[in-house]
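The block underneath contains the structure these notes are about, expressed in structure tokens.
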Amino acid sequence: MKKIIALVLVLCMSFSMILTVSAATANTFNHKFNLVRLIRGMFDRTRVEDEVVGDNGDNVFDLYIDGISIDEYDIVYPAEADLLHYSTALAFADYLANLGITVDVKSDADAATEYEILIGDTNRKISIDDTVVLGENEYIICQDGKKVVMLGSSFMIAGGVYAFVNEYMVPADGELDVNITNLPEEAEISTYVWETPTSVIYMIGDGMGMKHIEATKELRAEQMPVFFAETFPYFSRVKTFSYSVDPLREEEYTDSAAAGTALATGYKTINSYLGLDHELNEVKNLRELAYEKGVKTAVLTTDHITGATPSAFLVHHNDRNDGEIIQDAIDALMSEGLVEYCYGTSDDEYGDGLTNEAREALSIISKDDSRFFIMIEEAYIDKESHARDMEDMPDKVVRFNECIAYCSVFAVIRGDVFVIVTADHETGGVSKSMEGWYMPRGTHTNTSVPLFCLGFEGLADLATGKTIDNTNIAKFIAKTLYGVEDFGDVNFGKEVDE
């Protein structure tokens with residue numbers, strides 16, 4: 001057996017080296033080749049509904065509920081419920097997978113099994129009253145015979161999972177394994193309280209203005225009846241102009257390089273600059289700051305990894321169009337281990353791949369409840385808007401919304417994570433006439449973009465309900481998570497508009 005395992009490892013390492021060499025001349029990290037992921041893919045089982053991501057290695061411990069192994073259970077979500085229920089089921093299974101514990105995920109359209117964990121109001125017969133009205137931060141977790149029931153409204157559907165993993169899934173003194181015997185038998189309402197934050201999921205919809213969201217809810221009402229970020233408790237509008245616009249007045253609007261740099265570093269800069277201030281000085285980005293603080297980091301995009309927005313979180317260069325130079329710098333970061341997970345693609349045929357890639361990245365950088373920083377960009381809202389394509393643009397907002405759903409319930413389950421959803425700028429000037437939705441221009445605009453925040457109460461200091469500057473976001477993250485008071489341009493962006 002040891003010889004077989006050794007052979008498999010040698011073959012995988014050889015294959016990985018071949019892939020890396022062949023990709024070196026063609027955008028090495030547009031498609032990552034991760035040895036751990038490759039080995040895992042060879043041995044993982046295909047699960048019902050979706051593949052659960054995670055380490056899936058040797059169990060950290062054995063987990064039981066009243067003496068029944070957790071792998072005897074299925075996680076069940078309502079087939080007719082919103083995406084948050086499905087995302088919660090996946091996120092719960094992914095969390096367990098990172099502990100080496102495999103639990104299948106299925107909808108209640110599938111036949112019932114003896115042991116099930118029910119996420120929300122399913123069609124399963126239970127004796128408790130599942131019609132109770134729950135408030136904004138309230139949830140229920142209880143045991144009904146051989147069923148575990150988790151109820152909650154909106155993102156609090158994940159509150160029961162939070163309680164399960166943080167309160168009940170704790171080994172007894174002197175025990176290595178966990179046998180949960182104290183789940184409530186009554187449907188008592190619990191109040192969710194966010195923990196002190198240690199990590200952030202920073203989500204950027206490139207080119208996405210409020211009208212993009214409004215248009216998508218109307219044009220894709222079935223796929224996106226709700227843009228989940230709009231239900232976050234904290235909101236502001238964000239000014240996006242670059243140094244080229246004000247004070248230089250050489251450009252009409254920001255580009256993605258300058259806007260991305262503002263979001264990553266807290267500095268306004270000149271269009272086309274990446275990670276540089278307007279005087280060409282290198283300025284530290286949040287990913288670099290996080291790494292210095294011992295935090296695991298990741299950068300994901302549906303664009304090339306050398307695209308302007310992801311590059312602003314990765315490199316320092318004065319021309320966003322120097323793809324080869326930027327790629328070499330990113331390759332160096334990866335080879336030196338300065339970023340944990342880095343992914344981009346040139347392929348728009350992503351399907352739900354953005355969510356799956358986010359799941360993969362979060363599984364890696366959050367393992368063992370590690371602190372992490374991740375930036376996730378949906379780039380094709382901007383690309384379709386440049387093309388003034390009202391047919392395809394809404395599909396990209398839908399794709400972004402699906403990823404927001406997963407990341408949001410992931411944050412609730414962890415408890416110490418907050419989520420920021422914003423845009424680098426607006427593209428297209430999306431408008432509505434008597435004939436319907438249209439884009440009058442194929443360029444960026446100076447229209448303020450939305451900022452939505454989910455997490456601890458301190459987010460009210462960032463998303464004030466007023467209009468803020470885009471540099472304020474990076475400064476807030478640096479101060480909140482890493483204790484850095486002087487991050488970014490401290491003499492700019494403090495003011496807000498009523």
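For the atom pair CD1 of I119 and OG of S87, the computed distance is 11.5 Å after rounding to the nearest 0.5 Å.
Between E378 and K396 there is no salt bridge, since none of the side-chain N atoms of the basic residue sits less than 4.0 Å from a carboxylate O of the acidic one. Remark: E214 does not engage K432 in a salt bridge, criterion side-chain N to carboxylate O under 4.0 Å. Between E426 and K211 there is no salt bridge, since none of the side-chain N atoms of the basic residue sits less than 4.0 Å from a carboxylate O of the acidic one. The existence of a salt bridge linking E252 and R441 is confirmed by a sub-4.0 Å separation between a basic side-chain nitrogen and an acidic carboxylate oxygen.
Considering every non-hydrogen atom in both C342 and L314, the closest pair reads SG-CD1, 4.0 Å. Taking each heavy atom of S154 and L84 in turn, the nearest pair found is C-CD1, 3.6 Å. In this structure, S370 and K296 approach most closely via the heavy-atom pair OG-NZ, 3.6 Å. When every heavy atom of E457 is checked against every heavy atom of Y234, the shortest pair comes out as CA-OH, 3.2 Å. Closest heavy-atom contact between A358 and L300: CA-CD1, 3.6 Å.
Side chains of V419 and V200 form no contact here, defined as non-hydrogen atoms less than 4.5 Å apart. Two residues are said to be in side-chain contact when any heavy atoms from C-beta on lie closer than 4.5 Å; I365 and S199 fail this criterion. Between I201 and I376, the closest side-chain pair of non-hydrogen atoms falls below 4.5 Å. For the pair M208/I213, a side-chain contact is recorded, criterion being any heavy-atom separation below 4.5 Å from C-beta on.
Between Y202 and F313, a ring centre-to-centre spacing shorter than 6.0 Å is recorded. Residues F400 and Y380 place their aromatic rings such that the two centres sit no closer than 6.0 Å. Ring-centre distance between Y95 and F410: not below the 6.0 Å cut-off.
Side-chain contact annotation: S363 with N98, donor-acceptor N/O pair under 3.5 Å present. Between the side chains of N285 and Y291, no donor N or O sits under 3.5 Å from an acceptor N or O.
Counting non-hydrogen atoms of other residues, nucleotides and ligands closer than 6.0 Å to CD of E80 gives a total of 12 or fewer. The environment of E136 atom CD is sparse: at most 12 non-hydrogen atoms of other residues, nucleotides or ligands sit within 6.0 angstrom.
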Worked check of side-chain contact (heavy atoms from CB on, under 4.5 Å) between M210 and R237: CA-CA 9 Å; M210 288 299 299; R237 294 185 182 273; 3.3 Å; yes
Steps toward side-chain contact (heavy atoms from CB on, under 4.5 Å) verdict (L96, M169): CA-CA 11 Å; L96 294 174; M169 208 171 76; 4.1 Å; yes
Full working for side chain to side chain donor-acceptor pair (under 3.5 Å) between T301 and E377: CA-CA 5 Å; T301 178; E377 181 204 25; 2.5 Å; yes
Derivation and outcome, side chain to side chain donor-acceptor pair (under 3.5 Å), residues H425 and T427: CA-CA 7 Å; H425 52 74; T427 305; 3.2 Å; yes
Chi angles and distances behind the side chain to side chain donor-acceptor pair (under 3.5 Å) call for H444, Y253: CA-CA 6 Å; H444 301 176; Y253 44 76; over 6 Å; no
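Put simply, the side chain of N166 gets close to the backbone of Y162: a donor and an acceptor are under 3.5 Å apart.
Here the rule is side-chain hydrogen bond (donor to acceptor under 3.5 Å, both in side chains) with S256, and of D424, D382, T261 only D424 fits it. Put simply, the residue from D246, D277, D469 that forms a salt bridge (Lys or Arg N to Asp or Glu O under 4.0 Å) with K268 is D469.
Note on ring orientation: taking the six-membered ring where Trp is involved, the planes of F418 and F456 are tilted (angle from 30° to 60°).
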